[in-house]
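We use all heavy atoms of the structure for the numbers below, so side chains are in, but hydrogens, waters and symmetry mates are not.
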Amino acid sequence: MDTKKPQQELLDEQGKINTAQVDSVDIDGPAAGRQLTGWVRTLFLIIAVTGALFHLYILNFHPIDPWVFRSTHLVFGAVLGFMLFPGWRGAKDKVHPVDWVLIIATIFVGYYIFANLNQILFRFGVAPTTMDFIVALVGVLLVFELTRRTSGWMLPLLAGVFVLYVMLGPWLPGILNHSGYRFDRFVTYIYGLDGVFGVTLDVSSKYIVLFIIFGAFLQMSRVGHYFMDVAFAVAGGLRGGPAKVAIFSSGLMGMMNGTSAGNAVATGSLTIPLMKRVGYQPKFAAATEATASAGGQLLPPIMGAGAFLMAEILGIRYSEVILAATIPALLYFISVYFMVDFEARKQGMTGLPRNQLPKVREIAKKAYLFAPVLILIYMLVNGYSVILSGSVGIVSCFVVSWLHPETRMGLKKVLHALELGMKNAIQLIAVVACAGIIVGVIALTGVGLRFSSLLLSIADNNILLALIFAMGISILLGMGMPTTAAYAVAASVVAPGLIRMGIDPLFAHLFVFYYAVISAITPPVALAAYAAAGISGTDPFKTGVQAFKLGLAAFIVPFMFFYSPQLLLQGDSWVKIIFVALTATVGVYLLAAAVQAWFFGGKVAWYGRLLLFAASLLLITANVTLDLIAVALVAIVILIQRFTHVSQKGKVSLS
């Protein structure tokens, strides 16, 4: 392996790992966007900064009508999106006249809602005028086009299928049949508070943008850079160190930015070459980065954007969601950690040289840079509002940055942070608006309840079978889509059926949320894995399969917290919760050993792997008898490992 070139690119002038190159989070879309220049670049900056300040002002000081706020939120996202993302290859170099037409149409639609709010509140979806219909139709088409530009064809096509279903419903059989709706009523309904401007865009306007701006301030104040330094200082020198750094840093960054593929590109540009350098195969390196980046959205307290949406849909406190999600998320990352550690053991890897890593003493001197995140966690857990917590987090980033000249944020950095926040929010604004169309159709036609009935009848009240069906459908709905949109759809289609079977609503929504997240590493459409494969230069599909194997715990953990609710901190004593958490940890350890074929200091034959996998599954439930059976299976494998030797080719011979 040629390590000279990566070493030159990845080390700074002092010969240490150059974490400073991870300075931006790419937008999770099909294209990086235009490189704006001149007066257009200045105009983009002005609009983006104005949009960020508008959101912060309205959220904290001057609330306005929800429909006006959400429509203005969408206008800012669409105007910036049409400026930044080209509609076709020939328009990559500059903003095309067609883009300016779309921008003008976007502004007009937003103004129409503002100017006619009192009337359209009663007309949209009921008795729309011709102008109402035209405005709503243009608005829906703009949402489709914005989503196509920022996220590709998958989500617009899925939303288009739902729209087509509304038109064809009267002629469809069985549970798909409905009485039909007049087209003008449907379009104005879907472009109202029950569709595009419904709960998904509500969460986007109130919470998602706020925390994306918070993430931008973390980045511009170099707190994100500090996270990478801490990760390298702590884990870089361990066996297979860069992979463990990727788990730590990508988990933290993925938690804040909410984009699996974008995060895989941003942090993977540093971690993937370093993983290859210490001996990991390129495919494994890319898969590790993708798995960690996707898992970041499972990690409290921010969980990408899903936690805000979940709390809003369920009508519960945000702190309840993040507390319940803590242990399952830790189990996921523990499993991935064991996966990469076993691979490092098999390959006889070492860590990076200590002289190339940040010094722990220097890192400790800057521990104050953790303050914004710690303040945020403290406020969220102690019942402060999400908006206040996020706003204080943004201010604390600015204040903390002034404690050292290297991190100090002047006016220019503040403006760039506000711009970056709005820029990184464009795609999420687009996908939640488009997801609102799907959610609106489901509510209008009642197909969600019918699907729930179908799920009940197929499963015949068999909870396990219903959960397996729900898992498959959630993954299928999420393939090729950003996590937030995937969860919004699954929460409307799948979760109600599970709730009707008697499953606790929080359990049901966390269940589908997990599978919406890991659809990003599930072939055949594994966006995060494909993005990481582009960095490592490996086959995207094979990388997706490897990421699926590394993230296998995410397929099992949701069943764990259903059969062992103590993992969600529900009921029982703390002693029982700790016991269940420990047995679950042993379970994911055994799962990693089975997948990586490494246990008790050596390779494991196929039959030993089956026993370990069975033991990991038995530890799912909080049942002492099954735990004891699992212990017996593990003991058998240990004896096999003790008295036999498994060669590198997998042949077994007596010791």
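- Centroid-to-centroid, the aromatic rings of F342 and F599 stay 6.0 Å apart or farther.
- The side chain to side chain contact (heavy atoms under 4.5 Å, CB included) test applied to L617 returns I556, F613, I620, not counting sequence neighbours.
- Look at K365 and E362 and you find no salt bridge, because none of the NZ, NE, NH1 or NH2 atoms lies under 4.0 Å from a carboxylate O.
- In this structure, P496 and A491 approach most closely via the heavy-atom pair CD-O, 3.2 Å.
- Checking side-chain atoms of Y226 against main-chain N and O of A367 turns up a donor-acceptor pair under 3.5 Å.
- Taking the side chain to side chain contact (heavy atoms under 4.5 Å, CB included) definition, one finds that S564 meets it with Q566, L567, V580, A622, sequence neighbours left out.
- Residues satisfying the side-chain hydrogen bond (donor to acceptor under 3.5 Å, both in side chains) test with K283, not counting sequence neighbours, are none.
- Separation of atoms CD1 (I377) and CG (L380) is listed at 8.0 Å; rounding is to 0.5 Å.
- Under the 3.5 Å distance criterion, the side-chain polar atoms of T585 are matched with a main-chain donor or acceptor of A581.
- Evaluation of the side-chain hydrogen bond (donor to acceptor under 3.5 Å, both in side chains) rule for S249 yields no partner, not counting sequence neighbours.
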**Study point:** ring-ring contact (aromatic ring centres under 6.0 Å, His included) between F511 and Y515, intermediate numbers included
**Key:** CA-CA 7 Å; F511 187 89; Y515 295 113; 5.0 Å; yes
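- Looking only at side-chain heavy atoms (C-beta outward), P372 and L218 come within less than 4.5 Å of each other.
- Sorted by first and then second residue, the ring-ring contact (aromatic ring centres under 6.0 Å, His included) pairs with a member in residues 286-310 read Y207-F308, F211-F308, F308-Y318; sequence neighbours excluded.
- Minimum interatomic distance between S335 and A553 (heavy atoms only, all atoms of both residues): OG-CB, 3.2 Å.
- Between Y337 and F333, the distance separating the two ring centers is not shorter than 6.0 angstrom.
- S293 is linked by a side-chain hydrogen bond (donor to acceptor under 3.5 Å, both in side chains) to N263, E289, counting only residues two or more places apart in sequence or in another chain.
- With hydrogens and angles ignored, the 3.5 Å screen pairs a side-chain donor or acceptor of Y280 with a backbone N or O of V340.
- For F248, there are no ring-ring contact (aromatic ring centres under 6.0 Å, His included) partners, not counting sequence neighbours.
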Listed pairs under 3.5 Å, donor-acceptor, residues 587-594 side chains, sequence neighbours left out:
none

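- Screening residues 527-554 for ring-ring contact (aromatic ring centres under 6.0 Å, His included) gives F548-F555 as the qualifying pairs, with residues at least two apart or on separate chains.
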Exercise for review: Report the C-alpha distance between V517 and Y332 in whole Å, list the side-chain angles of each, state the deciding distance to 0.1 Å, and finish with yes or no for side-chain contact (heavy atoms from CB on, under 4.5 Å).
Suggested key: CA-CA 12 Å; V517 168; Y332 175 84; over 6 Å; no
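- Of all non-hydrogen atoms in A246 and M275, the two that sit nearest each other are CB-CE, 3.9 Å.
- The heavy-atom pair separating A294 from A520 by the smallest distance is CB-CB, 4.5 Å.
- Counting heavy-atom neighbours within 6.0 Å of Y368 OH, excluding the residue itself, gives a total above 12.
- Residues that satisfy the side-chain hydrogen bond (donor to acceptor under 3.5 Å, both in side chains) test with T326, not counting sequence neighbours, are absent from this structure.
- A centroid separation of less than 6.0 Å is found between the aromatic rings of F513 and Y487.
- Between A235 and K244 the shortest heavy-atom distance is CB-CB, 4.0 Å.
- Partner of I636 under the side-chain contact (heavy atoms from CB on, under 4.5 Å) criterion, chosen from I640, L639, I638: I640.
- For Y514, the ring-ring contact (aromatic ring centres under 6.0 Å, His included) partners two or more places apart in sequence, or in a different chain, are F561.
- You'll find the side chain of T350 stays beyond 4.5 Å of the side chain of V278, heavy atoms only.
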Practice item. Please lay out, stage by stage, how I322 and M303 fare under the test side-chain contact (heavy atoms from CB on, under 4.5 Å). Key: CA-CA 8 Å; I322 60 175; M303 298 172 65; 4.3 Å; yes
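- At least one donor-acceptor pair closer than 3.5 Å links the side chain of Q596 to the backbone N or O of M339.
- Here the CZ atom belonging to R222 is positioned 9.5 Å from the CG atom belonging to L369, to the nearest 0.5 angstrom.
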Practice item. Evaluate side-chain contact (heavy atoms from CB on, under 4.5 Å) for F562 paired with I503, printing each intermediate quantity in order. Key: CA-CA 9 Å; F562 173 75; I503 296 175; 3.8 Å; yes
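- In this structure, the separation between CG on L568 and CD on E320 is 12.0 Å, given to the nearest 0.5 Å.
- Taken to the nearest 0.5 Å, the OG atom of S616 stands 7.0 Å off from the CE atom of M560.
- The two residues D504 and L506 have their closest heavy-atom pair at OD1-N, 2.9 Å.
- Applying the salt bridge (Lys or Arg N to Asp or Glu O under 4.0 Å) criterion to R239, with sequence neighbours excluded, gives D341.
- Taking CG of L314 as the reference point, atom NE2 of H509 lies at 4.5 Å (rounded to 0.5 Å).
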Point to revise | Step-by-step side-chain contact (heavy atoms from CB on, under 4.5 Å) determination, I463 to L467 | key: CA-CA 6 Å; I463 297 291; L467 290 174; 4.0 Å; yes
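- Remark: L270 CG to S250 OG distance equals 9.5 Å, nearest 0.5 Å.
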